[in-house]
Number of protein chains: 2
Amino acid sequence: MTNSIRDVAGRAGVSVGTVSNVLNRPELVSEGTRTRVLDAIAELGFVRNESARQLRAGSSRSVGLVVLDISNPFFTDVARGVEEVVDAAGLSLILCNTDDRPAREKAHLATLAEQRVQGVLITPTAELSGDIAALRDRGVPVVLVDRRAPTADQCAVSTDDVLGGRLAAEHLLERGHRRIAFIGGASGLPQVQERHAGVVAAVEEARRAGMAGADLTVLSPAELSVAGGREAASRVIGIPAARRPTAAVCANDLMALGVLQEMVRHGVRVPDEFAIVGYDDIDFAAAAAVPLTSVSKPRQDLGRRAAELLLDESRPGHVHEQPVFEPVLVVRESSMTRRDPGAEL
Amino acid sequence: MTNSIRDVAGRAGVSVGTVSNVLNRPELVSEGTRTRVLDAIAELGFVRNESARQLRAGSSRSVGLVVLDISNPFFTDVARGVEEVVDAAGLSLILCNTDDRPAREKAHLATLAEQRVQGVLITPTAELSGDIAALRDRGVPVVLVDRRAPTADQCAVSTDDVLGGRLAAEHLLERGHRRIAFIGGASGLPQVQERHAGVVAAVEEARRAGMAGADLTVLSPAELSVAGGREAASRVIGIPAARRPTAAVCANDLMALGVLQEMVRHGVRVPDEFAIVGYDDIDFAAAAAVPLTSVSKPRQDLGRRAAELLLDESRPGHVHEQPVFEPVLVVRESSMTRRDPGAEL
DNA sequence: ACCGCGGTATGAATCGATTCAGACACCGCC
DNA sequence: GGCGGTGTCTGAATCGATTCATACCGCGGT
């Protein structure tokens, strides 16, 4: 059933070394023996045992990708970018999901270490654990994804989330909104904190520039999900009209969709009565029936670049890089308020 | 850097066998030596080499899940179900994406075979390749996911897609629609063909029962994606009003969302002027601003059940099962046409 | 004194692919 | 004839964890 290289050698009448050569450096083997060996392999249905290869070689042919939320299309898009590069390098990808739970992250990292992966791409959970440092100490290349590097001695691929938050808020201010909500506030994730900081900065600058009434409300739903968005929206609706925000910047598109859904459910017209800006620009943002204005980042490129850096880590003259991508605001209908929102409420 | 069990043994002053026992059957080792060994492990930062373990044990601690489209939330939901069961069994999951391309499927199956995975869960590409049969011949358990088994000698977890298609079509017929479109027609995927068959059956029965004008238009976009849905919708819009369908059953929710988006973009009101029923009931269906009526299937349960069957395959008295889940129509706004649709166009 | 026995610990053999020093054949050339 | 070179193939050593037959210790029973 499970044939070894030895069985193949026997059948082809050659030594095990020759079979190995046929598998790995066929140019060293003469045409005749090569076809004899390949025939034997086909006849026996031989499949190389990767564990044995790995044991000898010392490292595997795979890399790990650890994400926060496999249900968020942002991460599957990143994964596609990673996969493209990893595939091209002849490696395979082990995709792990943590749901932002440190215990799961720890378990996954332990497994990946046992598997002797060539490297790990990770969007860490809110609290940056020591496990990642431990991995790096063991000599396993690690590249942070969608997360700024705390120190310069490692690679990280991120986007300028402060800028992203700022772009979103400035857009809403320009369109006449004064009372703005930021939805997703209390998350421990630095990405969210930076988006928040960008929004705060934009609002404060507007105020300093003399814009009257510019004001920010921060809402912190339990989850950064569609359900979380709904929860936050219903809280917004509960605020007395005079103080109620007329627009929201959401920390991701999932929440933005939840907000949109809840607003529509309560008969609040989007964008006329309430404008929404999302973050990530997942495909579903454009596909929403009120297409969502969103802060766009090159999701696949992020994954690709991260994977490239990871592969480069094991090359001799590697220098650590921390590329930061620039987000772009994609304006769609959800923020195209047609009248002065201030006058309306 | 990379410590072996031998280094640990040296440091703790015991034999390699004892270290192995501490790792795998700690109850056989006396308290004193056990803590000595554990201390040595901690001090050296020892991490077990999984390849060596596997080589000796003959099989790995992981299973593969091969899906058609990682971007489709349906599959990530299935994956969550699988992961739950697989995690609980102390195994890890290798997630592979084929994009319905046989070549990629082949490559992934080859890798999984080389890794000696304990089993494979797979939603095969349209053309059922011989690679799966070859895997099973090698003794690797394989369970089909969201796909009926061609023969009774294997496990498969599916839903009754003929029923699903029928439920969707009957619902639209009951609400007064006569000219119905099925979007996603020419796919080679049996799932889609069955949904189609269900729709056809419902329409024909209606006609036989004397319902005048019941009629089906089949549209076959290039992809079963949001873009495919948009493409199909714009073709629907191009049909002269007198013959144009007033409602559509889509082969999955991604396409339904695309249809919805395109209709809204052209000023066609949903559901008043055009009703839409999706399939799969992904979370984004409910979150769409016009919440989508959809044929719901227990996505996580599907994954869970499939994983359970896979694990059971390697147990002695295993009998193959082909559970078929019943889909349920979840009615939301996208099909709640308020007036007689026939009168309108 | 000897036996038997449970509780512990040992270490050589094993899994299968890779690697590399060395064997062998054959060729051309001095 | 002898020598270096090239092309091809061999087979033992190796990677690290697991396993199992074996040995050892101490102790109660006879």
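Sequence lines set the chain letters: A, B, ... in the order given, protein chains first and strands last, and positions in each chain run from 1.
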Exercise. For dT19(D), does either OP1 or OP2 sit under 4.0 Å from a side-chain N or O belonging to R25(B)?
Worked result: yes
Exercise. Separation of L44(A) atom CG from dG16(C) atom P, in whole Å?
Worked result: 14 Å
Problem set entry | N/O (side chain, S30(A)) to phosphate O (OP1/OP2, dC9(D)) under 4.0 Å | yes
Exercise. Does S20(B) make a side-chain N or O approach to OP1 or OP2 of dT18(D) shorter than 4.0 Å?
Worked result: yes
Exercise. Does T33(B) make a side-chain N or O approach to OP1 or OP2 of dA9(C) shorter than 4.0 Å?
Worked result: yes
Problem set entry | Short N-O contact, D283(A) and R299(A), less than 4.0 angstrom | yes
Problem set entry | Length of the CG-P vector between N3(A) and dG16(C), whole Å | 10 Å
For this session: Using a 4.0 Å heavy-atom cut-off across all strands, classify T18(B) as base, sugar-phosphate, or nothing.
Result: base
Exercise. Across the strands shown, which category fits V16(A) at heavy-atom distances under 4.0 angstrom: base, sugar-phosphate, nothing?
Worked result: base
Problem set entry | Phosphate-side-chain proximity, R34(B) and dT8(C), N/O vs OP1/OP2 below 4.0 Å | no
Exercise. Atom CG in L68(A), atom CG in L189(A): separation rounded to 0.5 Å?
Worked result: 6.0 Å
Exercise. Under 4.0 angstrom, heavy atoms only, what part of the nucleic acid is V19(B) near: base, sugar-phosphate, or nothing?
Worked result: nothing
For this session: Return the nearest nucleotide to the side chain of V29(B); candidates are dA9(C), dG16(C), dT19(D).
Result: dA9(C)
Problem set entry | Phosphate OP1/OP2 of dT10(C): any S15(B) side-chain N/O under 4.0 Å | yes
For this session: Starting from C1' on dT10(D), measure out to CG on N21(A) and report it in whole angstrom.
Result: 10 Å
For this session: Taking only the side-chain nitrogens and oxygens of N24(B), find out if one of them lies under 4.0 Å from OP1 or OP2 of dT18(D).
Result: yes
For this session: Go through the side-chain N and O atoms of S71(B) and R80(A) and say whether any donor and acceptor fall under 3.5 Å apart.
Result: yes
For this session: Describe the nucleic acid contact of R116(A) in one word from base, sugar-phosphate, nothing, applying a heavy-atom distance below 4.0 Å.
Result: nothing
For this session: Ignoring backbone atoms, establish whether R48(A) has a side-chain N or O less than 4.0 Å from OP1 or OP2 of dT18(C).
Result: yes
Exercise. With distance as the sole criterion, is a donor-acceptor pair present between the side chains of R53(B) and N24(B) under 3.5 Å?
Worked result: no
Problem set entry | Donor-acceptor side-chain pairing of S51(B) and Q54(A) below 3.5 angstrom | yes
